Engineer: 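If you scroll down you'll find the structure; I have some questions about it.
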2 protein chains.
Amino acid sequence: MGETPPFLSDPETTRESIMHATYLALCEHGYAGLTIQRIGEQFEKSKSLLYHHYDDKDELLLSFLQFMLEEHQSSVPETVDDGADERLDAMLDVLLPPTLDEEEQGFTAAMVELRAQAAHDQRYREQYAEHAHAFHEHLVSVIEDGIEEGVFRDVDPDQVAQFLGTLTNGAMTRRVTGGGDESVTATRAEVNAYIDRVLRAGTEGGE
Amino acid sequence: MGETPPFLSDPETTRESIMHATYLALCEHGYAGLTIQRIGEQFEKSKSLLYHHYDDKDELLLSFLQFMLEEHQSSVPETVDDGADERLDAMLDVLLPPTLDEEEQGFTAAMVELRAQAAHDQRYREQYAEHAHAFHEHLVSVIEDGIEEGVFRDVDPDQVAQFLGTLTNGAMTRRVTGGGDESVTATRAEVNAYIDRVLRAGTEGGE
DNA sequence: GGCCGCTTACTGAATATTCAATCAGTATGG
DNA sequence: CCATACTGATTGAATATTCAGTAAGCGGCC
């Protein structure tokens, strides 16, 4: 846990470097133990410099949340040349991989911890609502495409997208909070059953 | 937020009272802001008394986690006289209600925040793994019953239970972290589609 | 009954540590 | 020479935890 994720392995700006340090401190100590001191320890420059770039801890952490959400967003592929069913499959493969390497594990844990803050912090909630909305729209458009292409049934794209979003959220959380990888592999397998039976058009109820 | 939940409205022992105070402090300040001082503020007796009943903050919070998990467990119904499909439906109605009152909202938020700690604290992870296992077994037995009764297809009970567990986890998290109630109502509706098409036996692919 | 000794529940003040944040001051580069 | 990047020392508040001491219940025992 706490490995350098590839996306910021060599930060170019000081602010990026601070985001990097914050990430490492979060992985090591958890959100509740995330202090300016500990961020400073992971930071190659001095602790006081943090206050030169951010007004206070609050602003730093909110920036960090945005930073992480952007990173997460950019990890979901946006293929366009494939069919809708293949695009959906590709998304689910990225969102529900059978295992995670240490790096991905740390990132996922960080995301789960950050997300939980939204339960009592409205600004975090707003950030997540925005982020979830973008992801939702992405899913909706893939499903709509599938319906137009005739590979998906005439389902309610919004409803299906919420369903899949909930599922991927749950899998992400579960994996790093006691569920283990097997909870995700089983979920992934059953999602396929769902897609085949509920979503996919074709010879109705094809066994 | 921070209403007294019915399950500990009038604590009988001092330790129960401390759990109550901890719950209120968690609702008000979040896990990261959960200090002994603030627990003491919600507690009718003195702050130092906390150390008479618990070795340190760590032990208090771990006890609190167990306490909350037990409460959560007891909120899921265990009907026996109904058919398996009705029992499953009843469980999902409890786990994915269309809305939450303020009390339930606070409880859910607290559970989500606590759970996230498991991402970097192994003891929390162990507690959750145990809790999740019990819930999983409960689901499995309902599904197995359904298969025996002939109301469910011959699915893999373990896989389906993981799927539904992931789903309910995700819904719980999502609702209080920016998804809102509509994400859950949509999910609930689509779970019905899943149950009808994938799980339920009978006139195959019944529209 | 009434006093004793022991345990348990409880308190308020005090401790050392850690926290976020400030600030005066030093480089450095255009 | 001015702005920006940066540092080390420092402040005061908040932190977890301790501790000496009070109050109250309780079983025995003269």
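From a predicted model like this one, the values you see are computed outputs, not experimental measurements. So you know, we letter chains A, B, ... as the sequences are listed, proteins then strands, and number each from 1.
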Engineer: Once salt bridge (charged side-chain N to carboxylate O under 4.0 Å, His left out) is applied, do any residues pair with A/Arg15, and if so which ones, sequence neighbours excluded?
Structural biologist: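 None.
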Engineer: State, yes or no, whether a side-chain contact exists between B/Glu113 and A/His120 at a heavy-atom distance under 4.5 Å.
Structural biologist: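 A side-chain contact exists here, since the closest heavy-atom pair is under 4.5 Å.
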Engineer: What are the atom names and distances for every N/O pair under 3.5 Å that joins the protein to nucleotides 11-13 of chain D?
Structural biologist:
none

Engineer: Once ring pair (Phe, Tyr, Trp, His ring centres under 6.0 Å) is applied, what residue pairs with a partner in residues 161-181 of chain A remain, sequence neighbours excluded?
Structural biologist: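 Checked against ring pair (Phe, Tyr, Trp, His ring centres under 6.0 Å) - neighbours excluded - the pairs reaching residues 161-181 of chain A are A/Phe163-A/Tyr194.
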Engineer: Can you measure A/Ile18 atom CD1 to D/dA5 atom P for me and round it to whole angstrom units?
Structural biologist: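 Rounding to the nearest Å, CD1 of A/Ile18 and P of D/dA5 are 11 Å apart.
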Engineer: Taking side-chain contact (heavy atoms from CB on, under 4.5 Å) as the test, write out the residues that go with A/Glu137, two or more places apart.
Structural biologist: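 In terms of side-chain contact (heavy atoms from CB on, under 4.5 Å), with neighbours along the sequence ignored, A/Glu137 is linked to A/His133.
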Engineer: Please report, to 0.1 Å, the donor-acceptor pairs under 3.5 Å made by any side chain of residues 83-94 of chain B, with sequence neighbours excluded.
Structural biologist:
from, atom 1, to, atom 2, distance (Å)
B/Glu86, OE1, B/Gly83, N, 3.1
B/Arg87, NH2, B/Asp145, OD2, 2.5
B/Asp93, OD1, B/Arg188, NE, 3.3
B/Asp93, OD1, B/Arg188, NH2, 2.6

Engineer: Do you see a donor-acceptor pair shorter than 3.5 Å between the side chains of A/Glu41 and A/Gln37?
Structural biologist: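 Checked: A/Glu41/A/Gln37 side chains show no N/O donor-acceptor pair below 3.5 Å.
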Engineer: Identify, with sequence neighbours excluded, every residue that meets ring-ring contact (aromatic ring centres under 6.0 Å, His included) alongside B/His72.
Structural biologist: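 Residues passing ring-ring contact (aromatic ring centres under 6.0 Å, His included) with B/His72: B/His131.
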Engineer: Kindly list each side-chain donor-acceptor pair under 3.5 angstrom involving residues 59-68 of chain A, sequence neighbours excluded, with atom names and distances?
Structural biologist:
from, atom 1, to, atom 2, distance (Å)
A/Glu59, OE1, A/Asp55, N, 2.7
A/Ser63, OG, A/Glu59, O, 3.2

Engineer: Taking DNA chain C as the partner, which of residues 51-58 of chain B come within under 4.0 angstrom of it by heavy atom?
Structural biologist: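 Contacts with DNA chain C under 4.0 Å: B/His52, B/His53.
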Engineer: Does A/Gln37 put a side-chain nitrogen or oxygen below 4.0 Å from OP1 or OP2 of C/dT18?
Structural biologist: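 The answer is no; no side-chain N or O of A/Gln37 sits under 4.0 Å from OP1 or OP2.
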Engineer: Name all residues meeting the side-chain contact (heavy atoms from CB on, under 4.5 Å) criterion together with B/Ser74; count only those two or more places apart in sequence or in a different chain, and write none if there are none.
Structural biologist: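 For B/Ser74, the residues satisfying side-chain contact (heavy atoms from CB on, under 4.5 Å) (neighbours in sequence not counted) are B/Glu71.
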Engineer: In whole Å, I'd like the distance from the CG atom of B/Leu34 to the P atom of D/dT15.
Structural biologist: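 Whole-Å distance recorded here is 11 Å.
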Engineer: NE2 of A/His29 versus C1' of C/dC19: gap in Å, rounded?
Structural biologist: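 Taking NE2 of A/His29 and C1' of C/dC19, I get 14 Å after rounding.
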Engineer: What pairs meet the side-chain hydrogen bond (donor to acceptor under 3.5 Å, both in side chains) rule with one or both residues in residues 157-168 of chain A, with sequence neighbours excluded?
Structural biologist: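 Qualifying pairs: A/His136-A/Asp158, A/Gln159-B/Glu190, A/Gln162-B/Arg174, A/Thr166-B/Thr187.
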Engineer: With a 4.0 Å heavy-atom cut-off, tell me which residues in residues 40-49 of chain A come close to DNA chain C, sorted by residue number.
Structural biologist: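 By residue number: A/Lys47, A/Ser48.
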Engineer: Can you tell me how far P of C/dC19 sits from CD1 of B/Ile36, to the nearest Å?
Structural biologist: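 Nearest whole value for this atom pair: 16 Å.
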Engineer: Less than 4.5 Å apart, side chain to side chain, heavy atoms only: is that true for B/Leu69 and B/Tyr128?
Structural biologist: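 A side-chain contact under 4.5 Å exists here.
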Engineer: For the pair made of CD in B/Glu59 and C1' in D/dT17, what is the distance, rounded to whole Å?
Structural biologist: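 Roughly 14 Å, once rounded to whole Å.
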Engineer: What does the list of N/O pairs under 3.5 Å between the protein and nucleotides 24-27 of chain C look like, with a distance for each?
Structural biologist:
none

